[in-house]
2 protein chains.
Amino acid sequence: MKPTIKDIAAQAGVSIATVSRVLSNKRGTYSEKTKEKILKVAKELGYHKNTTAVDLVKKKADEIAVIINATPTNFSNMILSGIQQRATELGQRVIILYAGDRNTDMQHQAITTVMARSVSGILLLAVEPDATDLELLKETRTPFCFVSLYFGDDQILSISSDNKALAYQATEYLINNGHTKIGLAGIDDYHTGSQRVLGYQTAMRDHGLVAKNDWVKRGDYSYEAGRQLLQAFLPLEVTAIIAASDMVAVGLLNAAQQSQIAVPDKLSIIGIDGTFICEVTTPPITSVTQNFYEIGVRSVDKVMGKATETFVPTRIVVRGSVKLNR
Amino acid sequence: MKPTIKDIAAQAGVSIATVSRVLSNKRGTYSEKTKEKILKVAKELGYHKNTTAVDLVKKKADEIAVIINATPTNFSNMILSGIQQRATELGQRVIILYAGDRNTDMQHQAITTVMARSVSGILLLAVEPDATDLELLKETRTPFCFVSLYFGDDQILSISSDNKALAYQATEYLINNGHTKIGLAGIDDYHTGSQRVLGYQTAMRDHGLVAKNDWVKRGDYSYEAGRQLLQAFLPLEVTAIIAASDMVAVGLLNAAQQSQIAVPDKLSIIGIDGTFICEVTTPPITSVTQNFYEIGVRSVDKVMGKATETFVPTRIVVRGSVKLNR
DNA sequence: ATCAGTATTGTAAACGTTTACGTAAAGTGC
DNA sequence: GCACTTTACGTAAACGTTTACAATACTGAT
């Protein structure tokens, strides 16, 4: 049997209350002598505190739950690192639950599971909640925060890049480098996508350019989407394309190379995300890079009630896939 | 306050024992009528079972803990998917703890944290334990299993690809395609690395070839390592290189292309891992592909006491980076 | 020696479940 | 109707902690 504080108490000849006090560092409530003794016995017995019991009596687990889409994106890792890092600093454990791939049932399931333990916060990583989910989440009195997804509803906590600003930034960067015919490839139909279209259009307008409707093409962020979309862009004669993700950018790049279109000389490509993928292609892909690690860090802050900005700034990382002006 | 079974009991006019029985599906111990009533009340009150309390009394959490190296490799996701999938099937939750990057302290910390809750199993994902860790793990009476790491000690549970067989397979594939001067790039100094060297050497010998000592070069599995190692291989005039990871393969490939060495015509490259990276380069990289998802699935089987093979088979996926014989 | 004040310790209840045990009611076969 | 089994439910203990409250032991000043 695993030893408990009872065993330590017996062995050390004190009450369990005393043991508990020294083991949870209630300073000033015990003498140095008994502390030594108890610690010694605890070590001898190979004692480890039973978190379950602690959580029960404290009615609260020092634990942050992360619900994550099963889709293995290559940036979720980085967000998780940030979460983990900050959580550890704040004395919180991290538990992660997969919610399938936009699978409503599993999403429900995950949320319900989380509600069954009294976590201090819930982080939803790239999950689009339906109405029921949202209801469930609100019903818990636990703070929750959407990560890498912004609703435009300030009642609901969230942390992400500012997708409008991000698209604006990318568009402007291309314009500043002499492009006027600019495509936007692979964006989705959700909030993220529409924000990006908005940013793109605004930047074009602000610089006195018109954005043709068929310059923006939908997609699912995948490599395959990128490959296919290149064909669709060919007749449009754009000179630059903003890709909705690094993977889309690589897809465009490879398809372009197969069609003998030189990147960046004939076609410039800028990716969104800035993961390691950008560094390993030839040419490497210029990107507007999201600070995923920081997004992770801030999400913990936010869900733990610390004030932070909702948007984490992005920045352009110049590599080799955009033709520079002069 | 969150409602408890006590509240339900009061509301429904039964004892908490009855409530507990219907809520945990102890069939045949309650009547249909009371079941209906209790379920109705539970729903009205918005009741959710408190897992913490359940775990405490059951002295066991239906929960598998995964301790994972912080290094974001692009395959840990796939292993995690497999773990998650199988765990859900077996009614286990999954909790994940990061252990820093070969950081002894954090590793200890993670193990200790896990010991504090009575999980049903511990999975160690790509962590190299030191002696103390191993001691700690054994001291828990909880089953633990190393994932993607094999010690050569059958006392210790583990699941991984058979690194010796894997290297043998890669080497043989190259030999069958007419190569005789074959390099091995970027392997480590741990068990994994030495197993691969062994497989490589054995395959060479079995086919009557000699493997020169400086044909095998150390590295850290990174893109950068690949880039640098190419230079080292140049004077050796090997016609094919086995890369210790996809990233190393991409590094070799890009460096080769920069040095005007045609892949696969002048130099063949085969990667180990077979992640999506292989598909997005030009040429795409032929790989000996590990079945990471399956590794994840089997690891939970193993740690839950179900019998499974320790090694998960690998297979060659032919893409475009190896010159084919005729 | 006594007292107040403080430092240290002990007692026992509480957290929300599960479950062994007991019992009353209902059903069965004769 | 009887003894017997089965069904349905209640009582209370247990899981391993924390903590309010009470109790005791010390300290130094008188």
Side-chain angles (χ1 to χ4, degrees), chain A residues 1-39 41-42 45-63 91 113 115-120 140, chain B residues 1-39 41-42 45-63 91 93 113 115-120 140-141:
Chain A
M1 278 311 334
K2 280 194 181 177
T4 72
I5 50 171
K6 233 180 240 169
D7 301 317
I8 299 183
Q11 187 81 33
V14 296
S15 75
I16 60 163
T18 305
V19 176
S20 169
R21 278 187 286 251
V22 348
L23 256 27
S24 41
N25 275 305
K26 297 267 172 295
R27 303 270 184 72
T29 68
Y30 50 80
S31 71
E32 199 59 22
K33 266 190 320 222
T34 48
K35 175 189 159 188
E36 307 274 285
K37 187 169 49 182
I38 288 172
L39 255 30
V41 175
L45 262 41
Y47 172 81
H48 288 278
K49 199 180 277 200
N50 181 325
T51 316
T52 310
V54 177
D55 288 348
L56 180 58
V57 61
K58 290 231 179 128
K59 306 187 74 168
K60 143 158 204 300
D62 285 334
E63 190 168 82
T113 306
M115 293 178 66
R117 51 182 45 220
S118 327
V119 298
S120 32
T140 339
Chain B
M1 279 311 332
K2 281 194 181 178
T4 71
I5 49 171
K6 234 180 240 169
D7 300 317
I8 299 183
Q11 187 80 33
V14 297
S15 76
I16 60 163
T18 306
V19 177
S20 171
R21 278 188 285 251
V22 349
L23 257 26
S24 41
N25 274 309
K26 297 269 171 294
R27 303 271 184 74
T29 68
Y30 50 81
S31 71
E32 199 61 21
K33 267 189 319 215
T34 49
K35 176 188 161 190
E36 306 275 285
K37 187 168 51 181
I38 287 172
L39 254 30
V41 175
L45 263 41
Y47 172 80
H48 289 276
K49 200 180 273 198
N50 182 324
T51 317
T52 310
V54 177
D55 289 348
L56 179 58
V57 59
K58 290 231 179 125
K59 305 187 77 168
K60 145 160 202 299
D62 285 335
E63 190 170 82
R93 298 184 299 273
T113 305
M115 294 178 66
R117 50 182 46 220
S118 327
V119 297
S120 32
T140 337
R141 308 297 287 132

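Below, each value reflects all heavy atoms present in this structure, side chains not excepted, and no hydrogens, waters or symmetry copies. Letters A, B, ... are given to chains in the order of the sequence lines, protein chains preceding strands, and every chain is numbered from 1.
- The local environment of NZ in B:Lys2 is crowded, with over 12 non-hydrogen atoms from other residues, nucleotides or ligands closer than 6.0 Å.
- Partners of B:Lys58 by salt bridge (Lys or Arg N to Asp or Glu O under 4.0 Å), not counting sequence neighbours: none found.
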Can you list the steps and then say if B:Asp62 with B:Val119 is a side chain to side chain contact (heavy atoms under 4.5 Å, CB included)? CA-CA 7 Å; B:Asp62 285 335; B:Val119 297; over 6 Å; no
Under the criterion side chain to side chain contact (heavy atoms under 4.5 Å, CB included), I'd like the reasoning laid out for A:Tyr30 against A:Ile38: C-alpha separation, chi angles, the key distance, then a yes or no. CA-CA 11 Å; A:Tyr30 50 80; A:Ile38 288 172; over 6 Å; no
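- Taking every heavy atom of residues 21-39 of chain A and every atom of DNA chain D, pairs under 4.0 Å involve A:Arg21, A:Ser24, A:Lys26, by number.
- Scanning all heavy atoms of the two residues, the minimum distance from B:Leu56 to A:Thr52 falls at N-CG2, 3.5 Å.
- Residue-level contact check: A:Thr18 touches the backbone only, with heavy atoms under 4.0 Å from sugar-phosphate atoms and none from bases.
- For the pair A:Thr51 (side chain) and B:Ala116 (backbone), a donor-acceptor distance under 3.5 Å is present.
- Mapping heavy-atom proximity under 4.0 Å, the span of DNA chain C touched by chain B runs 5' to 3' from C:dG16 to C:dA20.
- The CG atom of A:Leu56 sits 14 Å away from the C1' atom of D:dT19 (whole-angstrom rounding).
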Under the criterion side chain to side chain contact (heavy atoms under 4.5 Å, CB included), I'd like the reasoning laid out for A:Asp7 against A:Thr4: C-alpha separation, chi angles, the key distance, then a yes or no. CA-CA 5 Å; A:Asp7 301 317; A:Thr4 72; 3.7 Å; yes
How far apart are the C-alpha atoms of A:Tyr47 and A:Ile5, what are their side-chain angles, what is the distance that settles it, and do they pass the side chain to side chain contact (heavy atoms under 4.5 Å, CB included) test? CA-CA 8 Å; A:Tyr47 172 81; A:Ile5 50 171; 3.6 Å; yes
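- Residue contacts shown for B:Val54 are limited to sugar-phosphate atoms, with no base heavy atom under 4.0 Å away.
- Mapping A:Lys6 and A:Lys58 onto DNA chain D via the closest heavy atom, the residue that lands nearer the 5' end is A:Lys6.
- Among the protein residues, A:Thr4 comes within range of the sugar-phosphate backbone only, with heavy atoms under 4.0 Å from sugar or phosphate atoms but none that close to a base.
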